[in-house]
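All chains are named by letter (A, B, ...) in the order of the sequence lines, taking the proteins before the strands, and each is independently numbered beginning at 1.
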Amino acid sequence: KNEVEQSPQNLTAQEGEFITINCSYSVGISALHWLQQHPGGGIVSLFMLSSGKKKHGRLIATINIQEKHSSLHITASHPRDSAVYICASQGGSEKLVFGKGTKLTVNP
Amino acid sequence: DTEVTQTPKHLVMGMTNKKSLKCEQHMGHRAMYWYKQKAKKPPELMFVYSYEKLSINESVPSRFSPECPNSSLLNLHLHALQPEDSALYLCASSQEETGVREQYFGPGTRLTVL
């Protein structure tokens, strides 16, 4: 059974700081998803990764298949980045296995 | 158009009411999903429709009844719910059910059962 662990559970940063959120999974997967959820809101898909690295604006996601580990980095963090960040693994089926999320608060 | 829309945004209902949640997408996606999310928890998959047919039911109680009238629409009919069913209900869609596909989520319906 695939389990997804995220760390840290909560993260507080000052505006401008570089942020890293980590995600580990226990079995081989086909893809790793990073999702963002603002308070009371829907979910936005940030990245879907099978290997290597992806970048979108100030967000960078990396995955190490051998280590079964992925990281989400935010450069020059801003208060509007405050949200819950969720990683989810996907095996051969359509089902996503979700981590418990990392609540990020960026203070001005 | 990369949007999944859900209505209503908020719903309050009594345990004897019947109500429906609606989800719509116009991206030509052939797989649509219902998730339930309790506060401070990750989403839990409820149902998956693939090409308008129910392909996954995650042992959801029969008081939740999904319906996919066409490839763009997904409904969730609610009847005789319990207070513990209060949650955020999220709809999502993806290009196809099989294989690795990005899921696009809607904004959710916040349901309160009194």
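- Enclosure of atom CD in B:Gln82 by more than 12 non-hydrogen atoms of other residues, nucleotides or ligands within 6.0 angstrom is indicated.
- The two residues A:Gly99 and B:Pro42 come nearest to each other via the heavy atoms O-CB, 3.3 Å.
- Residues B:Leu81 and B:Met15 share a single hydrophobic cluster, defined by chaining ILVMFWY side chains whose heavy atoms lie under 4.5 Å apart.
- Of the two parts of B:Glu58, only the side chain, counted from C-beta on, holds a non-hydrogen atom closer than 4.5 Å to a non-hydrogen atom of chain A.
- When heavy atoms are compared at a cutoff of 4.5 Å, B:Gln37 approaches chain A solely by way of its side chain, counted from C-beta outward.
- Atom-to-atom distance recorded for B:Ser94:OG and A:Met48:CE is 10.0 Å, nearest 0.5 angstrom.
- Not counting sequence neighbours, A:Ser51 has no partner by the side chain to side chain contact (heavy atoms under 4.5 Å, CB included) test.
- What you find for A:Ser45 and B:Glu102 is that their closest heavy atoms are OG-OE2, 2.8 Å.
- Side-chain contact between A:Leu96 and B:Tyr35 is present, with heavy atoms from C-beta onward closer than 4.5 Å.
- Side-chain heavy atoms closer than 4.5 Å link hydrophobic residues (I, L, V, M, F, W, Y) into clusters, and following such links, even through other members, never connects B:Leu73 to B:Leu78.
- Cluster annotation: A:Leu46 and A:Val84 are assigned to distinct hydrophobic clusters (Ile/Leu/Val/Met/Phe/Trp/Tyr, side-chain heavy-atom contacts under 4.5 Å, transitive).
- Per-residue heavy-atom pair counts under 4.5 Å with chain A were compared for B:Pro107, B:Pro43, B:Gly108, and the maximum is reached by B:Pro43.
- The heavy-atom pair separating A:Ile43 from B:Phe105 by the smallest distance is O-CB, 3.2 Å.
- Taken from NZ in B:Lys41 to CD1 in A:Ile86, the straight-line distance is 12.5 Å, to the nearest 0.5 Å.
- Both B:Leu90 and A:Leu35 belong to a single network of hydrophobic side chains, linked directly or stepwise wherever heavy atoms of I, L, V, M, F, W or Y lie under 4.5 Å apart.
- A 6.0 Å sphere centred on NZ of B:Lys38 holds more than 12 heavy atoms belonging to other residues, nucleotides or ligands.
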